[in-house]
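Below is one structure. I have some questions about it.
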Amino acid sequence: MSARDLLPVILVLGVLAALPFLGLSGTLLNFLVTTLIIALAGLGWNVLGGFGGQYSFGHAAFFGTGAYATAVLQVKFGWNAWGALAAGIGLGTLVGLAIGYLSFRAGLRGSYFALVTLAFAEVFRILANTADITGGAAGLLLKLQPGLSTLQFADRRYFVLLVLAFVGLALLASRWLERSRFGAHLIAVRENEEAARALGVDALAVKLRAIALSAAITAAAGGLYVQYFLYLDAGVAYGTWISVEALLAPIVGGIGTAFGPLVGALALQGLGELTKHLAGGIPGVDLVVFGACLIAVIAFAPQGLLGLRRRAARGKAAPVGA
Amino acid sequence: MYAPQILIEAALNGLMTGAVYALIALGLTLVYGVLHIINFAHGALLTCAMFAVWGAFALFHVDPYWAMIGVVPLMFGAGYGLQRFVIGPASHGSDNNVLLVTLGLSIVLENALLALFRSDTRALDSDAALQVVELGPLLLSTPRVIGFLAAIAVTGVLWLVLNRTDTGRAIRAVAREKLGARLVGIEVDHVYAVTFGLGCACLAVAACLLMPTYYVNPRSGAAFVLVAFTIVVLGGMGSIAGALVGGLIIGVVESFSGLLLGDSLGQIGIFLIFILVLLVRPTGLFGARA
C-alpha cells in the first residue's frame with residue numbers, strides 16, 4: 001500500500017480522534033462509541049458481504065461470540081481484559097471458519113447462505129439464553145473497575161480512542177483488500193465464481209479467508225461492546241438487531257468500499273437519533289426510517305452514499321450525455 | 001418415560017400446529033417457486049394479517065373465521081401492490097437485492113406496528129379457545145382442529161388453482177421459463193404480483209386460523225418465519241406438497257422436542273434440522289433442483 005492509500009485513513013481517524021476532545025457532552029460521546037462499534041461490525045460484514053458478495057444475515061453469531069468470550073473469561077475465569085478480548089476475537093474467527101467451512105463446502109450462496117447464517121445465529125442465541133456459563137436469561141454483568149488492565153476508562157473519551165484504533169485496523173484491512181491480490185481474488189469470486197475458478201482461483205479458500213477476517217472484525221466489535229456497556233444477554237449478543245445493523249451500515253454507506261461502513265453507520269445512527277428526538281417516546285420509528293433507507297438505497301443508489309458522491313463528481317466532469 | 005396418551009396427544013397437537021405452519025410455509029414456497037426469491041417480509045406480513053383479524057374482532061366483533069372474507073382479499077391486494085410497486089422495481093432484477101428489499105420491508109412493517117400498537121401482547125377476548133372436541137380418550141382443542149382441516153383444504157384449493165385455472169397455468173409457465181412465458185404473451189410482472197398476492201392470501205387464512213388460540217404483538221410473525229423457512233427448505237423450495245408434509249413434520253418435531261427438552265431449548269430442534277437440511281440436502285425432500 002502506498003502513502004496515497006493510507007492518507008485518507010489517517011485523515012478520517014485524525015478527525016474522529018479529535019472529536020471527543022472538543023468538549024462533547026456525555027450523550028454525544030455515548031453516541032460516538034455506539035456508532036463506531038456498529039461501524040466496526042459493519043466493516044467486518046463488508047469484508048465478506050461487500051468484497052466477497054456473500055450476504056450474511058447472521059453476523060450476530062460472530063459479534064455475540066466475541067462479546068460472550070470477552071465477558072465470560074473475565075467474569076468466570078478471572079482473565080485480564082486484554083487477554084479476554086483477544087480470545088474473543090480468536091473464538092469469533094473460529095466460529096466464522098466453522099460456519100464458512102460448513103456452508104461454503106455445501107455450496108450455499110445467495111439466499112441459502114443468508115438463511116443458514118441467520119439460523120446459526122439463532123441457535124447460538126437459544127444456547128446462550130439457556131446455558132449456565134453465559135448467565136442464562138439473566139445475562140452477565142462485568143464489574144465496574146476502571147483501569148488499563150480491565151480495559152475500562154472512567155473518562156469515556158479514551159474508550160472512543162480505543163474503538164477508533166480497532167476501526168483504523170479494520171479500515172486498513174479494507175484498504176488492503178482494495179489493493180491486494182487476495183482482494184482481487186475475492187472480488188473475482190463475487191463477480192463470477194465459475195469464471196474465477198476457471199482462472200485458477202481457489203474459491204473455497206478465498207471465501208474461507210474472507211469469512212475469517214470478517215468474523216474477527218465483527219467479534220472485536222462485540223468484545224468492545226461488552227467492555228463499554230459492561231452488560232450482556234443473549235438478545236443483545238446474538239439478536240437480529242446487530243446482524244441487521246452490521247449489513248445496513250455498509251449497504252447504506254457504500255457496499256464493497258473501505259469507508260462505506262463508517263459513512264453508513266454515522267449517517268444511519270445520526271438519522272436514528274434525530275427521528276427518535278422528533279418522534280418523542282414512540283418506539284420503533286427510528287427503525288422504520290432505517291428500513292425505508294435500506295429500500296431507498298437499493299432502489300435509487302445501489303452504490304450507497306459514497307456512490308452518490310462519486311456520481312455527482314462524475315456528473316460535473318462530464319455534464320452532457322455521460 | 002411418558003404415558004402413551006401424552007405422546008399421542010403431543011403428536012396430534014404437533015400435527016395440528018404443523019398444518020397451520022404448512023399454510024404459512026405455502027405462501028413462502030409459492031413465491032420462491034415462481035419468483036425464485038426468498039421473501040424476508042413474510043413474517044411481518046403475517047403479523048399485519050394477525051393485527052387485521054384482531055382489529056376486526058376488537059372494533060366490530062367480527063368472528064375470526066368470518067374475518068377471512070375481508071382479510072384474505074385485503075392481504076392479496078397488499079401483496080400484489082408490494083411486489084408490483086415496491087419489491088419488483090426496487091430490486092432491479094437481482095436476487096441479493098430482493099433479499100435486502102424484503103428485509104427492509106420487514107423492518108418497516110414490524111416497527112410501524114410497534115409504533116402503532118406498542119409491544120403489548122393482544123389476544124381475542126373470546127372463549128372459543130377453551131372449547132374441545134372429544135376423540136375417544138383424547139381431548140382436542142376445537143380451534144386447532146378447525147385450523148388443521150382448513151389448512152389442508154386451502155392447500156388443496158391452491159393446488160387446484162395452480163393446476164386447473166388459466167391463472168395457475170400462467171404462474172407455472174412463468175416459474176418454468178420466464179422468457180418463454182413472456183414470448184407467448186403472458187404479462188410476467190402481473191403474474192409475479194399475483195403470485196405474491198396469493199402468498200399473502202395464505203398468510204391471511206393462517207392469521208384467521210391462528211388468532212382464536214394465539215396472541216399477537218409486533219414480533220409474533222418473526223417467531224413463525226424461521227419455522228416457515230425450515231419447512232420450505234425441508235420440503236424443497238417451491239414444492240407445495242413439500243410444504244404440507246414439511247409443515248406436519250416440523251409441527252410434530254417441535255411438539256416432541258418441547259416435551260423432551262422444555263420450551264426454551266425445544267426450539268433448537270427446528271433450527272438444527274434447518275441447518276442440517278441446508279448443508280446436506282439443500283434441495284429438500286421434494287425439491288428437484290438446487
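The figures here come from the full heavy-atom set of this structure, side chains too, leaving out hydrogens, waters and symmetry mates. Note on naming: letters A, B, ... go to the chains in the order of the sequence lines (proteins, then strands), and numbering restarts at 1 for each one.
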Quick one: does B:Leu226's side chain get under 4.5 Å of A:Leu118's, heavy atoms only?
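With C-beta onward as the side chain, the pair touches.
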Could you give me the CA-CA distance, side-chain angles and deciding distance for B:Leu116 and A:Ile282, then say whether side chain to side chain contact (heavy atoms under 4.5 Å, CB included) is met?
CA-CA 8 Å; B:Leu116 281 174; A:Ile282 306 174; over 6 Å; no
Between B:Ile37, B:Val280, B:Leu114, which has the largest tally of heavy atom pairs under 4.5 Å with chain A?
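Looking at each of B:Ile37, B:Val280, B:Leu114 in turn, B:Leu114 comes out on top.
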Between B:Leu279 and A:Ser103, does a side chain to side chain contact (heavy atoms under 4.5 Å, CB included) hold up when you go through it step by step?
CA-CA 6 Å; B:Leu279 295 180; A:Ser103 33; 4.2 Å; yes
Residues of residues 263-272 of chain A contacting chain B, heavy-atom criterion under 4.5 Å, by residue number
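Residues of residues 263-272 of chain A touching chain B at under 4.5 Å: none.
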Side chain, backbone, both or neither: which part of B:Leu99 has an atom under 4.5 Å from a heavy atom of chain A?
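Contact with chain A is through both the backbone and side chain of B:Leu99.
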Please determine whether the number of non-hydrogen atoms from other residues, nucleotides or ligands lying under 6.0 Å from atom CZ of B:Arg118 exceeds 12.
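Check passes, neighbour count above 12.
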With a 4.5 angstrom heavy-atom cut-off, could you sort out which part of B:Leu109 is near chain A: side chain, backbone, both or neither?
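Looking at B:Leu109, nothing touches chain A.
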Heavy-atom pairs under 4.5 Å with chain B, option from A:Val288, A:Asp286, A:Leu127, A:Leu247 with the top count
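Max contact count across the listed options: A:Val288.
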Does A:Tyr101 OH have over 12 foreign heavy atoms under 6.0 Å away?
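Atom OH in A:Tyr101 is not crowded, with 12 or fewer foreign heavy atoms closer than 6.0 Å.
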Do the non-hydrogen side-chain atoms of B:Asn111 and A:Val285 ever get within less than 4.5 Å of each other?
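No, every pair of side-chain atoms sits at 4.5 Å or beyond.
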State whether the side chain of B:His92 and the backbone N or O of A:Pro302 hold a donor-acceptor pair below 3.5 Å, judged by distance alone.
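Here the side-chain-to-backbone pair does not exist.
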Given the side-chain rings of A:Phe120 and B:Phe271, with only the six-membered ring counted for Trp, is the space between their centroids under 6.0 Å?
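So the answer is no for these two rings.
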More than 12 heavy atoms from other groups under 6.0 Å of OH on B:Tyr215:
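Counting neighbours around OH of B:Tyr215, 12 or fewer heavy atoms of other residues, nucleotides or ligands fall under 6.0 Å, so no.
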Report which part of A:Leu287 has an atom under 4.5 Å of a heavy atom belonging to chain B: side chain, backbone, both, or neither.
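For A:Leu287, the contact with chain B is made by backbone and side chain together.
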Quick one: what part of A:Ala119 sits under 4.5 Å from any heavy atom of chain B, side chain, backbone, both or neither?
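Contact with chain B: backbone and side chain both.
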With a sphere of 6.0 Å drawn around CZ of B:Arg219, does it hold more than 12 non-hydrogen atoms of other residues, nucleotides or ligands?
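Atom CZ in B:Arg219 is not crowded, with 12 or fewer foreign heavy atoms closer than 6.0 Å.
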Examine whether an atom of A:Val244 lies under 4.5 Å from a heavy atom of chain B, and if so say whether it belongs to the side chain, the backbone or both; otherwise answer neither.
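The side chain, not the backbone.
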Just verifying a value: how many Å separate A:Ser111 OG and B:His36 NE2, rounded to the nearest 0.5 Å?
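Taking OG in A:Ser111 and NE2 in B:His36, the distance rounds to 11.0 Å.
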Please check if atom CG in A:Asp132 has more than 12 non-hydrogen atoms from other residues, nucleotides or ligands closer than 6.0 Å.
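Counting neighbours around CG of A:Asp132, 12 or fewer heavy atoms of other residues, nucleotides or ligands fall under 6.0 Å, so no.
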With rounding to the nearest 0.5 angstrom, report the CG to CZ distance, B:Asn96 to A:Arg109.
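Going from the CG atom of B:Asn96 to the CZ atom of A:Arg109 covers 11.0 Å.
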So which part of B:Asp95 gets closer than 4.5 Å to some heavy atom of chain A, the side chain, the backbone, both or neither?
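For B:Asp95, no heavy atom lies under 4.5 Å from chain A.
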Highest number of heavy-atom pairs under 4.5 Å with chain A: which of B:Leu278, B:Ile38, B:Thr230, B:Ile87?
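The answer is B:Leu278.
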Before you tell me yes or no, could you show the steps for A:Ile295 and B:Leu100 under side chain to side chain contact (heavy atoms under 4.5 Å, CB included), namely the whole-Å CA-CA distance, both residues' side-chain angles and the distance that decides it to 0.1 Å?
CA-CA 7 Å; A:Ile295 299 174; B:Leu100 295 174; over 6 Å; no
pair B:Phe274-A:Val123: side-chain heavy atoms closer than 4.5 Å:
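The answer is no, as the side chains (C-beta and beyond) never meet within the 4.5 Å cut-off.
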